[in-house]
Amino acid sequence: MAVTMNDVARAAGVSLKTVSNVLNDYEFIRPATKQRVQDAIAELGYEANLTARSLRSGKTSMLGLVLSDLSAPYYAELASKLMKAAARRGYRVLVEQSDAEGSAELNALQGPFRQLTDGLLFTPLAIDADAVASRAGKKPLVMLGEHIMDPRFDLVTMKNEEAAATVTAHLLGSGRRRIAVVGASPEESAGSAGLRLNGYRRALEEAGVAFDPDLIAPAEWRRDAGAAAVAGLLDREVRFDAVFGLNDVLALGAMHQLLIRGIEVPQDVAVAGFDDIDEARFASPSLTTISPGMDEIAERSIALLLDRISGRESDGQGLHVEAGFELRIRESAP
């Protein structure tokens, strides 16, 4: 016989309403009472009828997450942290991979995926703010990242420019003067790459070091592209004594290329990255990098989205949140 809410209430010594409040994550409930109900649910193996609850409340207790590429370590780690932050609040997360294709991003805003969820965490790379605004509908949406920084939308992001300036200043402080940047074009000024390049340029200016566009190596944000970009610099005989990869996989690819060319890291060339993915700690040498507050991004994104789902309105403009960051100094650029 199936376990019912009444069974849970009797086992926990509470009312049926209290069990319902716990299942619906009602915030004004004593922790001890909540724990008793949760213990009873676990002991009895009670499973809530989510379909019936959804029909009654109009809520699914599901959040949507749209990322461009789950094979990218940063996105994979962020998705894991977002799912854990949501679970602590009684929500599950449905994940959609867009492959940075406009049609997939638009479908995530309007299609069945959106209907299954109460709110959306969105990292668009192909569509613009107007396209999002015209299709977003009434369900809450929180932007992640830097592609769309529009006052109409809630946004949780990182301090890209300030963090990039910090890691560049660290390289300059260690005596490096020819710092190659991998992952941007010299003219970029927006998006993740542009903001991080702006931070690099600001640090150079503050140190009185001239900007040299020859040191800027465009590359897609992948390991092989990072390796190829550094190979190109070496083959063109561009002089450099440090490499700043605009994300960690670029930096790791660059470091690999330097090592197979017989260039010692950090003795000959220092290397730094951005993101502090798990692999950065275990590389050989371990990678100096920026930790961009991934835990804070996850917690604040989920909290903001659930605030909107609960009916807490903005004042007509989206709330923009920037997580803090830390410079992690390791062997590749001490």
Side-chain angles (χ1 to χ4, degrees), residues 60-87 91-150 152-158 160 183-185 188 190-196 218-226 246-250 274-275 277 292 294 297-298 300-302 304-306 308-309 318 320-321 323:
T60 66
S61 294
M62 304 288 286
L63 305 178
L65 171 62
V66 179
L67 298 169
S68 62
D69 183 6
L70 281 167
S71 69
Y74 174 80
Y75 283 143
E77 291 182 26
L78 178 61
S80 175
K81 291 179 184 297
L82 287 165
M83 293 169 81
K84 290 175 182 176
Y91 278 78
R92 294 189 177 185
V93 178
L94 294 178
V95 183
E96 183 83 358
Q97 180 170 285
S98 70
D99 295 318
E101 293 181 357
S103 59
E105 292 177 356
L106 292 172
N107 287 339
L109 286 172
Q110 282 193 320
F113 179 78
R114 190 87 160 106
Q115 297 169 16
L116 291 169
T117 60
D118 297 332
L120 183 65
L121 299 162
F122 196 32
T123 57
L125 294 178
I127 61 177
D128 61 18
D130 288 338
V132 175
S134 67
R135 295 187 181 231
K138 295 183 179 180
K139 286 188 176 182
L141 177 149
V142 171
M143 294 285 190
L144 301 175
E146 299 77 38
H147 177 67
I148 295 178
M149 304 179 75
D150 188 287
R152 290 174 287 181
F153 305 112
D154 291 323
L155 170 72
V156 179
T157 185
M158 59 186 72
N160 284 280
S185 299
E188 283 192 75
S192 301
L195 291 170
R196 294 175 194 182
E220 294 185 26
W221 287 19
R222 306 189 314 267
R223 288 176 183 79
D224 60 335
L246 295 187
N247 74 354
D248 282 350
V249 295
L250 284 166
F274 197 118
D275 283 342
I277 61 175
M294 203 184 304
I297 289 170
R300 299 188 73 174
S301 300
I302 295 295
L304 178 55
L305 185 57
L306 295 186
R308 299 301 188 225
I309 290 170
H320 285 194
V321 176

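Keep in mind that the numbers below use all heavy atoms, side chains included, and drop hydrogens, waters and symmetry copies.
Phe122 has its side chain out of reach of Leu65: every pair of non-hydrogen atoms, C-beta onward, lies at least 4.5 Å apart. Within the 4.5 Å cutoff, side-chain heavy atoms of Asn160 are placed close to those of Glu146. Residues Leu120 and Val142 form no side-chain contact, since every pair of their non-hydrogen atoms from C-beta on lies 4.5 Å or further apart. No side-chain heavy atom of Leu195 sits less than 4.5 Å from a side-chain heavy atom of Glu188. Side-chain atoms of Arg114 and Leu141, non-hydrogen and from C-beta on, do get closer than 4.5 Å to each other.
Judged by distance alone, the side chain of Lys139 and the main-chain N or O of Thr117 form a donor-acceptor pair under 3.5 Å. Of the possible polar contacts, none joining the His147 side chain to the Asp128 backbone as a donor-acceptor pair under 3.5 Å is found. Between the side chain of Ser80 and the main chain of Glu77, no donor-acceptor pair closer than 3.5 Å is present. No donor-acceptor distance shorter than 3.5 angstrom exists from the side chain of Asp150 to the backbone of Ala129, with no hydrogens or angles considered.
For Gln110, the CD atom is densely surrounded, since the number of other residues' heavy atoms within 6.0 Å is greater than 12.
The line from CG of Leu246 to OG of Ser192 is 9.0 Å long, rounded to the nearest 0.5 Å. Rounding to the nearest 0.5 Å gives a distance of 10.0 Å between CG of Leu250 and CD of Glu220. How far CG of Asp248 is from OH of Tyr74: 11.0 Å, rounded to the nearest 0.5 Å. Atom CG of Leu106 is separated from atom CD1 of Ile127 by 4.5 Å, given to the nearest 0.5 angstrom. Note that CG of Leu70 and CD of Glu96 are 9.5 Å apart. Values are rounded to the nearest 0.5 Å. Of the inter-residue distances, the one linking Ile297 atom CD1 with Thr157 atom OG1 reads 6.5 Å to the nearest 0.5 angstrom.
Between Arg308 and Asp154, at least one side-chain nitrogen of the basic residue sits less than 4.0 Å from a carboxylate oxygen of the acidic one, meeting the salt-bridge criterion. Contact check on Arg135 versus Asp130 returns no salt bridge, with no Lys/Arg side-chain nitrogen under 4.0 Å from an Asp/Glu carboxylate oxygen.
For the residue pair Leu67 and Thr123, the shortest heavy atom distance occurs at CA-OG1, 3.3 Å.
For the residue pair Gln97/Asp99, the side-chain donor-acceptor check at 3.5 Å is satisfied.
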- [ ] For side chain to side chain contact (heavy atoms under 4.5 Å, CB included), just list the numbers for Leu63 and Ile309, CA-CA rounded to whole Å, side-chain angles, deciding distance to a tenth of an Å, and then say yes or no.
- [x] CA-CA 10 Å; Leu63 305 178; Ile309 290 170; 3.6 Å; yes
